[in-house]
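Here the structure comes first, spelled out in structure tokens, and everything after it is commentary.
In what follows, every chain begins at residue 1, and chains take the letters A, B, ... in the order their sequences are listed. Because the structure is a prediction, the values reported are computed rather than measured. Worth knowing before you read on, the calculation uses all heavy atoms, side chains too, and leaves out hydrogens, waters and symmetry mates.
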There are 2 protein chains.
Amino acid sequence: MEVTPPEPCATTEERECGVRNRLGRISDKWTVLVVVEVSPEPKRFRQLQRSVHAISQRVLTLTLRRLERDGLITRTVAAAVPPQVTYVLTPEGLSLSGKLQCVVAWAVVHEKQIGRYRQAGDEQHP
Amino acid sequence: MEVTPPEPCATTEERECGVRNRLGRISDKWTVLVVVEVSPEPKRFRQLQRSVHAISQRVLTLTLRRLERDGLITRTVAAAVPPQVTYVLTPEGLSLSGKLQCVVAWAVVHEKQIGRYRQAGDEQHP
DNA sequence: CGGAATCCAGCGCGATACTG
DNA sequence: CAGTATCGCGCTGGATTCCG
């Protein structure tokens, strides 16, 4: 997308410090799972809860709230009975989702390889 | 990427379940930070500990061990006094690192935007 | 249905001290 | 320098209950 400009923060420590702060906002496992799952069409609360399998209602709520607060998703309440709440990715959220999908794709491709490594290791340290 | 044909793991639930299992291996924040930081030249333990700023020595050790076990990094011990241990990314680790760098880049680019959203939100809910 | 509130267990992780 | 071992707490997150 946008090419990242000229002068990145210089030293390794500075770089990392920045990286840490920035990633902190999105790096927890629930957030990643939810972002990936919301993308790209509107999803309802229940849908998400079923999709992100083991997530509890409490954690899903908290995660969605944070994502909304950060401008990554939009929460829409339809005044109806029963209530209907839908979540959509904002443009920002969508672009993040793209990057995360790359990581997911990587994980899918390398899953078996990793599994083999892991097995081999376990056999040596039983 | 690949247009997914007729019947892969079809349902959303199944898809997500797989995603979750796969991401579980790499989705915790320390792992991400360490992978990004090891890349791409050899790093020594102390170096990493200083780079990944707030990480404790214990957690760094555990994280590196898991990464090694998964075949993402290589640990090399030089028989010397004082001991010298270096960590390098394997080809797999390097390719993962690439994907993660994308996410990092995203975070850098969108940092300010997110900050603004967050502020705006906080002003409304003080 | 979508959520808030409480309560509570588990383990993630930091702090500290000891080895080779 | 590069670890391993132990302990203890704090927060994450699950289960349950109640509301609009």
Side-chain angles (χ1 to χ4, degrees), chain A residues 12-13 16-17 20-21 23-35 37-38 41-70 73-88 121 124-125, chain B residues 12-13 16-17 20-21 23-35 37-38 41-69 73-88 121 124-126:
Chain A
T12 299
E13 299 197 22
E16 193 287 324
C17 189
R20 212 165 60 79
N21 291 334
L23 283 182
R25 316 188 126 139
I26 52 169
S27 72
D28 99 293
K29 73 172 172 175
W30 294 119
T31 301
V32 172
L33 290 171
V34 170
V35 168
E37 207 56 36
V38 170
E41 337 74 43
K43 292 280 177 62
R44 299 184 50 177
F45 190 90
R46 283 292 198 197
Q47 267 185 292
L48 289 172
Q49 192 171 10
R50 255 171 281 127
S51 294
V52 185
H53 202 100
I55 201 170
S56 71
Q57 165 262 32
R58 179 173 177 272
V59 172
L60 180 56
T61 300
L62 292 174
T63 305
L64 288 170
R65 288 284 188 271
R66 278 197 3 242
L67 287 171
E68 188 193 7
R69 181 171 95 140
D70 291 354
I73 64 174
T74 304
R75 180 173 178 268
T76 307
V77 183
V81 177
Q84 299 201 355
V85 183
T86 54
Y87 298 89
V88 203
Q124 293 180 11
H125 315 280
Chain B
T12 300
E13 301 197 25
E16 193 287 324
C17 189
R20 214 164 60 80
N21 291 335
L23 282 182
R25 316 189 126 138
I26 52 169
S27 72
D28 98 295
K29 72 171 173 175
W30 294 120
T31 301
V32 172
L33 290 172
V34 170
V35 168
E37 207 56 36
V38 170
E41 337 76 43
K43 293 280 178 61
R44 298 183 51 176
F45 190 89
R46 283 293 199 195
Q47 267 185 293
L48 289 172
Q49 192 170 10
R50 255 171 282 127
S51 293
V52 186
H53 202 98
I55 201 171
S56 72
Q57 160 264 37
R58 180 174 176 271
V59 171
L60 180 55
T61 299
L62 292 174
T63 304
L64 289 170
R65 289 282 187 272
R66 278 197 2 242
L67 288 172
E68 188 193 7
R69 181 172 94 140
I73 63 174
T74 305
R75 180 172 178 269
T76 307
V77 183
V81 178
Q84 298 203 355
V85 183
T86 55
Y87 297 90
V88 203
Q124 293 180 10
H125 316 281

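Note that the first and last nucleotides of DNA chain C, 5' to 3', having any atom under 4.0 angstrom from a heavy atom of chain A are C/dC1 to C/dT6.
Side-chain atoms of A/D28 and A/R66, non-hydrogen and from C-beta on, do get closer than 4.5 Å to each other. Residues A/V52 and A/L60 fail the side-chain proximity criterion, which asks for heavy atoms closer than 4.5 Å.
Residues satisfying the side-chain hydrogen bond (donor to acceptor under 3.5 Å, both in side chains) criterion with A/R58, sequence neighbours excluded, are absent altogether. Contacts of B/R46 classified as side chain to side chain contact (heavy atoms under 4.5 Å, CB included), with partners at least two apart in sequence or in another chain: B/Q49, B/R50. Taking A/T63 as the reference, A/W30, A/T31, A/V34, A/V59, A/L67 meet the side chain to side chain contact (heavy atoms under 4.5 Å, CB included) condition, with sequence neighbours excluded. Under the side chain to side chain contact (heavy atoms under 4.5 Å, CB included) criterion, A/P83 pairs with no residue, sequence neighbours left out. Not counting sequence neighbours, the partners of A/R75 by the side chain to side chain contact (heavy atoms under 4.5 Å, CB included) test are A/R65, A/E68, A/V77, A/V85, A/Y87.
In this structure, CG in B/L62 is found 8.0 Å from OG in B/S56, a value given to the nearest 0.5 Å. Note that CG of B/L23 and NZ of A/K29 are 11.0 Å apart. Values are rounded to the nearest 0.5 Å.
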N/O to N/O distances under 3.5 Å, protein versus nucleotides 12-15 of chain D:
{"residue": "D/dG13", "atom": "OP1", "partner": "A/W30", "partner atom": "NE1", "Å": "3.2"}
{"residue": "D/dG13", "atom": "O5'", "partner": "A/W30", "partner atom": "NE1", "Å": "3.3"}
{"residue": "D/dG13", "atom": "N7", "partner": "A/R58", "partner atom": "NH1", "Å": "2.5"}
{"residue": "D/dG13", "atom": "N7", "partner": "A/R58", "partner atom": "NH2", "Å": "3.4"}
{"residue": "D/dG14", "atom": "OP2", "partner": "A/S56", "partner atom": "OG", "Å": "2.7"}
{"residue": "D/dG14", "atom": "O6", "partner": "A/R58", "partner atom": "NE", "Å": "3.4"}

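When the C1' atom of D/dC11 is taken as reference, atom CZ of A/R66 falls 13 Å away, rounded to whole Å. Rounding to whole angstrom units, CG of residue B/L48 and C1' of D/dG3 are separated by 14 Å. Note: CD (B/Q49) to C1' (D/dG3) measures 10 Å, nearest angstrom.
Tested against A/L48, the residues A/I55, A/L33, A/T86, A/V38 include a single side chain to side chain contact (heavy atoms under 4.5 Å, CB included) partner, A/V38.
The heavy-atom pair separating A/K43 from A/E37 by the smallest distance is NZ-O, 2.8 Å.
Rounded to 10 degrees, the angle separating the terminal axes of the helix from C/dC1-D/dG20 to C/dG20-D/dC1 is 50°, with each axis obtained from five end pairs.
Within residues 76-85 of chain B, the residues having any heavy atom closer than 4.0 Å to DNA chain D are, in order of number, B/P82, B/P83, B/V85.
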